[in-house]
2 protein chains.
Amino acid sequence: MRLFLKGRLRHVMSERESALLDSLVERVERVPDGTCILERGVVARQSTMLIDGFISRVINDSGNRNIVGLQVPGDFVDLHAFALKRLDHDIVTVGPSLVAYVPHAKLAEIVAQEPHLTRLLWFSTLLDAAIHREWIVKLEQLRAGERLAHIVAELWHRLNFVGLADPHGFNMPLLQTHLANACGTTAVHINRVIKSLRQKELLELNRGRVTIPDRAALEAYAHFRPDYLYGEGSLFLDFETDSTNP
Amino acid sequence: MRLFLKGRLRHVMSERESALLDSLVERVERVPDGTCILERGVVARQSTMLIDGFISRVINDSGNRNIVGLQVPGDFVDLHAFALKRLDHDIVTVGPSLVAYVPHAKLAEIVAQEPHLTRLLWFSTLLDAAIHREWIVKLEQLRAGERLAHIVAELWHRLNFVGLADPHGFNMPLLQTHLANACGTTAVHINRVIKSLRQKELLELNRGRVTIPDRAALEAYAHFRPDYLYGEGSLFLDFETDSTNP
DNA sequence: CGTTCCCTTGAGTAGTTTCAATACTTGTGG
DNA sequence: CCACAAGTATTGAAACTACTCAAGGGAACG
């Protein structure tokens, strides 16, 4: 789990805690594209850490497939399921992926015996909630082109935390259909929007590769501010200075 | 805190735990309409339980005021701030409200000594995340009228959990501006939408009162399914049957 | 009894969807 | 190796939804 919270609160995790986390993994598995790892409403007995690949959070509603979140390597994807037990959404791979499973029984021991680590785990689930909120802002306020740019900007930063982005882009298995589902538009319209962003030289998108000629320009266009990702920025917390830190 | 998780997991809280929660409250305060209780980026040393009134989660971006969540009595509004320390959004009252404050130092003791209660608190923050996800679906998929109907349906259910809804509506201090900000449209457009819903006899909205002539019809129109609120439904968890329950 | 805030309506414009049709890619079997 | 099928990407035109700008009406409060 070397990528977990990397670039966020990783520095406040002791070597012992880090090793403890690693020891929770019961099984590592390679899963093909489009696999539903955990289905809405099914009681979960384990949670999933994404090691390699992409995962989408999907809510199906009257035939429509809505993507309500995306996860990148290092994300403890369905840790939520430890507290919720049944998820409200499906966890689906995008592209072939590598995942590790952690049994809930072991997490329960952590909660009982490791308050500091528990709080880090809690933090990581709330990080997802903060990202949800920014998606809400994005959907409430931005037009399709800006939404797409926002998602790309967000993914770049999250991949950069875990060392998987390069200065001019990143690899990404999402199809135009996925992007449309995540932006709340149709595949036809997202296609026109991609064309327009390409012409504006903000974005290039093909064959699993995103190219960003000028990241500052893209982020300005998307009204993107990275604070909500809780990396180094105005919301970053130096845990040591927190008096209530258990 | 008698309303906390009522209708959700309240039944798995022991009398002792319930009393323990009550003992955490340091101060109860009456706050006027539009008060910012906790501001984005400010280090929080306490969290807020909403006892009476409404609270909105607000993210300001380039002059626009986006409502990314609404809270009703019984909600442990900014419990998130215990783990996140600095919130990514503002916590703002809508209408005069009554709130109770819980110091984080006391919460840290709970996390260190009460694994079961800790998990309930964690659960309650993830409930907010589940609501965020449904808002994302709503914004991705529905048109303005359906979005508004969806918010009203959600509020009815959440108020009903804590005994504040009646069969044909509920009291609500939100103005048309607030509803527009929560639906991602303009105040002008939300006004037309309200008019249209009124004509369809799905909704009546005036002077702090929402009237719902036919709730089933409203929910059908909004494509509303209440499961994600984790009341009694397909996602409801009977905690006793959970083997990892600490 | 006027000011202020909130609600309501109209007309023109911009953004998005829908339906329909056409290309490009990739993988598979002959 | 080519032919074909299936999935993905692209483009056009018409209809619809929502936004903007602008102006007027109503209720509440001092």
Side-chain angles (χ1 to χ4, degrees), chain A residues 32-34 54 56 62-67 92 94-96 138-151 172-200 203-211 221-223, chain B residues 32-34 54 56 61-67 94-96 138-151 172-200 203-211 221-223:
Chain A
D33 174 46
F54 275 65
S56 57
S62 51
N64 288 62
R65 158 167 286 234
N66 296 287
I67 295 181
V92 183
V94 184
K138 176 189 80 187
L139 290 163
E140 283 179 349
Q141 184 135 101
L142 305 182
R143 337 232 114 252
E146 299 161 339
R147 290 181 189 178
L148 178 60
H150 194 282
I151 283 198
M172 178 198 73
L174 299 176
L175 304 176
Q176 294 192 0
T177 310
H178 294 118
L179 294 171
N181 290 342
C183 288
T185 66
T186 59
V188 170
H189 192 58
I190 211 75
N191 179 276
R192 297 191 225 267
V193 156
I194 289 170
K195 184 180 173 185
S196 130
L197 291 185
R198 196 175 283 148
Q199 283 165 352
K200 290 193 178 83
L203 205 61
E204 186 63 40
L205 240 164
N206 40 24
R207 271 167 286 177
R209 171 80 195 169
V210 178
T211 309
Y221 177 79
H223 301 261
Chain B
D33 174 47
F54 275 64
S56 58
D61 181 37
S62 52
N64 287 61
R65 157 168 289 233
N66 296 286
I67 296 181
V94 183
K138 176 188 83 189
L139 291 162
E140 285 179 347
Q141 184 136 100
L142 305 182
R143 332 232 125 259
E146 299 161 340
R147 290 182 190 178
L148 178 59
H150 193 283
I151 283 197
M172 178 198 72
L174 300 175
L175 304 176
Q176 295 191 0
T177 310
H178 294 118
L179 294 171
N181 290 342
C183 290
T185 66
T186 58
V188 169
H189 192 58
I190 210 75
N191 179 275
R192 297 191 225 265
V193 157
I194 290 170
K195 185 180 173 185
S196 131
L197 291 185
R198 195 176 283 148
Q199 284 165 351
K200 290 192 178 83
L203 206 61
E204 186 64 41
L205 240 165
N206 41 23
R207 271 166 287 176
R209 171 81 194 168
V210 178
T211 308
Y221 176 79
H223 301 260

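Lettering follows sequence order; numbering is per chain, from 1. Quick note: numbers below take in every heavy atom, side chains included, and nothing from hydrogens, waters or symmetry partners.
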Starting at CD1 of I194(B), measure out to CG of L148(B) and round the result to the nearest 0.5 Å. 6.0 Å
Not counting sequence neighbours, list each pair that qualifies as a salt bridge (Lys or Arg N to Asp or Glu O under 4.0 Å) and has a residue in residues 189-200 of chain B. R198(B)-E204(B)
Walk along nucleotides 14-30 of chain D from 5' to 3' and tag each nucleotide B, S or - by protein heavy-atom contact under 4.0 Å, base first, then sugar-phosphate. ---SSSBB------S--
Interatomic distance, S56(A) atom OG to N66(A) atom CG [nearest 0.5 angstrom]: 11.5 Å
Can you name the salt bridge (charged side-chain N to carboxylate O under 4.0 Å, His left out) partners of R143(B), sequence neighbours left out? none
Can you list the stems that include DNA chain C, where a stem is three or more consecutive Watson-Crick or G-U pairs with distances under 3.5 Å? C:1-5 with D:26-30, C:8-30 with D:1-23
Which atom names give the shortest non-hydrogen contact between P173(A) and G95(A), and what distance separates them? CB-CA, 4.2 Å
In whole angstroms, how far is the P atom of dT10(D) from the CG atom of L179(A)? 12 Å
For a quick test of reading the model: is some side-chain N or O of N191(A) closer than 4.0 Å to OP1 or OP2 of dT10(D)? yes
Which atom of E146(A) lies closest to which atom of Y221(A), heavy atoms considered: CG-O, 3.6 Å
Which heavy-atom pair separates V193(B) from A144(B) by the least distance, and what is that distance? CG2-CB, 3.8 Å
Tell me the closest heavy-atom pair linking C183(A) and L139(A), and the distance in Å. O-CD2, 3.6 Å
Rounded to whole Å, please give me the gap between CG in L205(A) and P in dA9(D). 9 Å
Scan residues 173-189 of chain B for pairs that pass side chain to side chain donor-acceptor pair (under 3.5 Å), counting only residues two or more places apart or in two chains. Q176(B)-N191(B)
Distance col, row R147(B):CZ vs E140(B):CD, nearest 0.5 angstrom, shows 10.0 Å
Going 5' to 3' along DNA chain C, which nucleotides are the first and last within contact of chain B (any atom under 4.0 Å from a heavy atom)? dC6(C) to dT17(C)
OP1, OP2 of dT11(D) versus side-chain N and O of K195(A): anything below 4.0 Å? yes
Is the distance from OP1 or OP2 of dT10(D) to the nearest side-chain N or O of Q176(A) less than 4.0 Å? yes
Distance, nearest 0.5 Å, that separates CD1 of I190(B) from CG of L205(B): 9.5 Å
